[in-house]
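Residues take their numbers from the sequence shown, with the count starting at 1. The model shown is predicted, which means the values in this text are computed figures rather than measured ones.
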Amino acid sequence: MKKVISIIAVFMAIIMCFPFTVNADDQTEWQDTNITDEEFYALEHSDGECGPVYERASGLIMGKSLSIAKSGTTLYIKGYTEGIPSVVKAGFTEITIQRRTSAGNSWSNYKTYTSLYADDNFYSLAKSITVSTGYQYRVTGTHYAKKSLLSTQKISNSTGYLTF
């Protein structure tokens, strides 16, 4: 028994020698939100390309939107992808929250969420996440619509940034 306790003590001592950091931001995940459009647009916000889509190659996406807003340290993300009536799956292939310091030149990916779809021709996104202050945040995304295995369309979109 003493030998087992000694081995455990040595093992724990070795583990304690390796530094590690737990960042509260890394533990924060986004959540569904029920903020209304009126409440959302009353906040400081930034929109990406919104509205009807004209003259696109496959013509499966009729409308799209991607926007962010802030309240305190909460970043709200709203968007939608609307396909033509024959579309069987619509949404986003990915949504990426990016951030940079106010003095920074380049964006780094903060959180990425993938495969946000509905088995329908319309998908609506309304999420929120608590973020750290001292950064500028923006959101990029790829709208997606699928009519059949060989008939899909993707359109990239990006919001402006908000400073927290």
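- Panel note: side chain S158, backbone T140; no donor-acceptor pair is recorded below 3.5 Å.
- With hydrogens and angles disregarded, no donor-acceptor distance shorter than 3.5 Å links the side chain of Y117 to the backbone of Y144.
- Using a 4.5 Å cut-off on side-chain heavy atoms (C-beta onward), L43 and I35 make contact.
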Trace of the side chain to side chain contact (heavy atoms under 4.5 Å, CB included) decision for L125 with I77: CA-CA 7 Å; L125 174 75; I77 304 163; 3.9 Å; yes
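- What you find for A69 and H45 is that their closest heavy atoms are CB-CB, 3.8 Å.
- A side-chain donor-acceptor contact under 3.5 Å links S46 to the backbone of G160.
- Within the 3.5 Å criterion, the main-chain N or O of E94 finds no donor-acceptor partner in the side chain of T114.
- Under the 3.5 Å distance criterion, with hydrogens and angles disregarded, no donor-acceptor pair is assigned to the side chains of T74 and S128.
- Although no hydrogens or angles enter the test, the distance criterion places no donor-acceptor pair under 3.5 Å between the side chain of K127 and the main chain of K78.
- If you take CZ on F92 and CG on L116, they are separated by 8.0 Å, rounding to the nearest 0.5 Å.
- Linking Ile, Leu, Val, Met, Phe, Trp and Tyr residues whenever their side-chain heavy atoms come within less than 4.5 Å leaves Y135 and W107 in two separate clusters.
- Scanning all heavy atoms of the two residues, the minimum distance from T142 to S156 falls at OG1-OG, 4.2 Å.
- Side chain of T159 to main chain of V139: a donor-acceptor pair is present (N/O by atom type, distance under 3.5 Å, no hydrogens or angles).
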Steps toward side chain to side chain contact (heavy atoms under 4.5 Å, CB included) verdict (I129, Y113): CA-CA 12 Å; I129 187 169; Y113 302 93; 3.8 Å; yes
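- Taking both residues in full, the closest heavy atoms of N109 and Q98 are given as OD1-NE2, 2.9 Å, listed atom of the first, atom of the second, then distance.
- You'll find the side chain of S151 reaches within 4.5 Å of the side chain of L60, heavy atoms only.
- Taken to the nearest 0.5 Å, the OG atom of S132 stands 11.5 Å off from the CG atom of L75.
- Side-chain contact between Q136 and L162 is absent, with no heavy-atom pair separated by less than 4.5 Å.
- From I97, atom CD1 reaches atom OG of S108 across 12.0 Å, with rounding to the nearest 0.5 Å.
- Between the CG atom of N121 and the NZ atom of K146 there is a distance of 14.5 Å, given to the nearest 0.5 Å.
- K70 NZ: more than 12 foreign heavy atoms inside a 6.0 Å radius.
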CA sep, side-chain torsions, deciding dist, call: N105, R100, side chain to side chain contact (heavy atoms under 4.5 Å, CB included): CA-CA 7 Å; N105 294 346; R100 69 179 179 193; 6.0 Å; no
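- The side-chain heavy atoms of R99 and V131, taken from C-beta on, include no pair separated by under 4.5 Å.
- At least one cation-pi condition fails for R138 and Y161: the charged atom is not both under 6.0 angstrom from the six-membered ring centre and inside a 45 degree cone around its axis.
- H143 has its side chain out of reach of Q153: every pair of non-hydrogen atoms, C-beta onward, lies at least 4.5 Å apart.
- In this structure, CD1 in I61 is found 9.0 Å from OG1 in T152, a value given to the nearest 0.5 Å.
- Side-chain contact between F40 and E38 is absent, with no heavy-atom pair separated by less than 4.5 Å.
- For Y123 and Y80, the gap between ring centers reaches or exceeds 6.0 Å.
- Here the CD1 atom belonging to I84 is positioned 8.5 Å from the CE atom belonging to M62, to the nearest 0.5 angstrom.
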Intermediate values then yes/no, side chain to side chain donor-acceptor pair (under 3.5 Å), T130 and T73: CA-CA 6 Å; T130 302; T73 59; 5.1 Å; no
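- Both Y76 and Y41 are members of a single hydrophobic cluster when ILVMFWY side chains are connected at heavy-atom separations under 4.5 Å.
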